[in-house]
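Before any comments, here is the structure.
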Amino acid sequence: MKLYISDLSIGMLLALYLPFVLWLLWKVARSTGMTRKIKVVVIPVMFAVAAVIPMWDVVMNSLAMEKVCATAGLHVYKKVLVDGYLGAGPNEIEKYGYRYVEAREPGGKVIVYFERQQDGSIKRTVRDQPTAEYEVVREYRSPVPELGVRSMQRWHVRHRATGEVIGEWLAFSPMHGWVDRYLLNRWFGVGLPGCDGNVLAMKTHWTQQILQPR
């Protein structure tokens with residue numbers, strides 16, 4: 001199992017917390033107020049408690065990530081041939097050969113329609129309603145307590161009329177342990193990397209694997 005904890009937190013725990021714990025254990029071991037039998041019980045218990053304090057939430061968060069990361073990445077349920085789709089810009093026409101693509105303006109009430117002309121140029125028009133049969137939708141949730149993760153991103157390709165999902169790409173980011181919340185988040189304002197299941201899909205046009213240009 002991969003532990004989701006930053007190198008910064010590990011370094012701070014090794015540099016500051018571990019020496020303090022060892023010092024406490026040494027003090028107990030040298031104590032004259034406890035018998036040897038009591039020390040044999042107390043020292044392991046103290047060590048276990050000291051390990052649980054910074055690592056319990058890390059382990060629990062890592063277990064949650066191990067479960068969801070098994071579902072991360074690209075999932076192709078069905079491939080279809082299309083002339084275009086809703087949810088892309090004009091670059092998709094030039095790169096992948098779609099005849100048209102549609103994009104929602106901010107607010108979603110205006111649809112910008114890009115269509116390849118016979119001379120190779122791309123014509124831009126504005127419409128009130130989309131015409132594409134399929135669309136790509138992005139969903140973002142943070143946090144996701146029922147999954148035990150900090151955030152979930154889901155890009156899915158669906159049929160606009162029926163709502164049928166024919167493909168999706170899932171990515172997750174982990175919850176942070178309390179040490180990282182104080183160090184990584186508060187000091188640097190960044191988060192731990194999560195899992196997307198398929199780096200290749202992230203670097204290529206994954207939608208094209210589902211909505212194939214006719």
Side-chain angles (χ1 to χ4, degrees), residues 4 64-176 189-214:
Y4 286 84
M65 285 295 289
E66 183 176 36
K67 184 176 180 180
V68 298
C69 284
T71 68
L74 178 62
H75 303 271
V76 179
Y77 307 128
K78 183 168 67 175
K79 299 180 180 181
V80 295
L81 294 176
V82 297
D83 292 320
Y85 65 96
L86 173 61
N91 289 338
E92 311 306 301
I93 296 176
E94 299 176 352
K95 287 183 179 180
Y96 304 108
Y98 294 104
R99 183 175 61 81
Y100 74 90
V101 292
E102 297 175 320
R104 295 185 187 273
E105 288 284 276
K109 295 183 179 180
V110 177
I111 303 299
V112 181
Y113 183 87
F114 300 94
E115 184 176 18
R116 184 178 68 247
Q117 305 298 299
Q118 290 186 352
D119 62 1
S121 63
I122 297 177
K123 182 181 179 181
R124 180 185 186 275
T125 57
V126 176
R127 301 180 176 183
D128 294 331
Q129 297 294 329
T131 60
E133 186 177 5
Y134 291 92
E135 65 178 340
V136 177
V137 180
R138 177 182 181 267
E139 296 178 1
Y140 177 80
R141 292 180 57 198
S142 179
V144 192
E146 68 272 20
L147 297 180
V149 298
R150 186 182 187 189
S151 69
M152 178 182 74
Q153 295 190 73
R154 180 190 183 218
W155 292 263
H156 59 279
V157 181
R158 69 184 182 190
H159 192 281
R160 291 185 51 247
T162 65
E164 178 192 11
V165 175
I166 64 172
E168 61 185 346
W169 178 27
L170 303 174
F172 304 90
S173 64
M175 298 284 281
H176 294 144
V190 297
L192 293 169
C195 57
D196 58 38
N198 192 330
V199 176
L200 180 62
M202 180 173 61
K203 292 183 178 179
T204 59
H205 193 274
W206 66 274
T207 309
Q208 185 198 14
Q209 301 178 43
I210 303 167
L211 300 175
Q212 300 179 339
R214 196 186 304 274

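Note that the numbering runs from 1 along the sequence shown for the chain.
- Sorted by first and then second residue, the pairs that involve residues 68-95 and meet ring pair (Phe, Tyr, Trp, His ring centres under 6.0 Å), not counting sequence neighbours, are Y85-Y98.
- With E168 as the fixed residue, the side chain to side chain donor-acceptor pair (under 3.5 Å) test singles out one of H156, R158, R154: R154.
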Could you pull out every donor-acceptor pair under 3.5 Å between side chains of residues 143-153 and any protein atom, sequence neighbours left out?
residue, atom, partner, partner atom, Å
E146, OE1, R141, NH2, 3.4
E146, OE2, R141, NH1, 2.9
E146, OE2, R141, NH2, 2.7
S151, OG, S173, OG, 2.4
Q153, OE1, R138, NE, 3.4
Q153, OE1, R138, NH2, 2.7

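- Counting only heavy atoms from C-beta outward, the side chains of V101 and N91 never approach each other to under 4.5 Å.
- Remark: F114 CZ to R124 CZ distance equals 5.5 Å, nearest 0.5 Å.
- The shortest side-chain heavy-atom distance between I166 and H159 does not fall under the 4.5 Å cut-off.
- Separation of atoms CG (L211) and OH (Y96) is listed at 13.0 Å; rounding is to 0.5 Å.
- Across all their heavy atoms, R214 and D83 have their closest contact at NE-OD1, 3.1 Å.
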Check your understanding: Which is it for E133 and V82 under the side-chain contact (heavy atoms from CB on, under 4.5 Å) test, yes or no, and what are the steps along the way?
Key -> CA-CA 8 Å; E133 186 177 5; V82 297; 5.6 Å; no
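- How far OH of Y4 is from CE of M65: 4.0 Å, rounded to the nearest 0.5 Å.
- Listed here is the closest heavy atom pair of T71 and L170: O-CD1, 3.5 Å.
- Heavy atoms only, all atoms of each residue included: A132 and Y100 are closest at CA-OH, 3.4 Å.
- Considering every non-hydrogen atom in both I111 and Q129, the closest pair reads CG1-C, 3.9 Å.
- To the nearest 0.5 angstrom, Y113 atom OH is 9.5 Å from K123 atom NZ.
- For the pair E164 and K78, the minimum side-chain heavy-atom distance is below 4.5 Å.
- By the 6.0 Å contact criterion, CD on Q117 is enclosed, its count of non-hydrogen atoms from other residues, nucleotides or ligands being greater than 12.
- The side-chain contact (heavy atoms from CB on, under 4.5 Å) test applied to V190 returns L184, F188, not counting sequence neighbours.
- Scanning both residues, P213 and Q208, for their nearest heavy atoms gives CD-CG, 3.9 Å.
- Of the possible donor and acceptor atoms, one in the side chain of W169 sits under 3.5 Å from a partner among the backbone N and O of D196.
- Atom CD in E92 sits 10.0 Å away from atom CD in E94 (nearest 0.5 Å).
- Counting only N and O atoms by type, the side chains of E115 and T125 include no donor and acceptor under 3.5 Å apart.
- E135 is not listed as a side-chain neighbour of P130, based on a closest heavy-atom distance of 4.5 Å or more.
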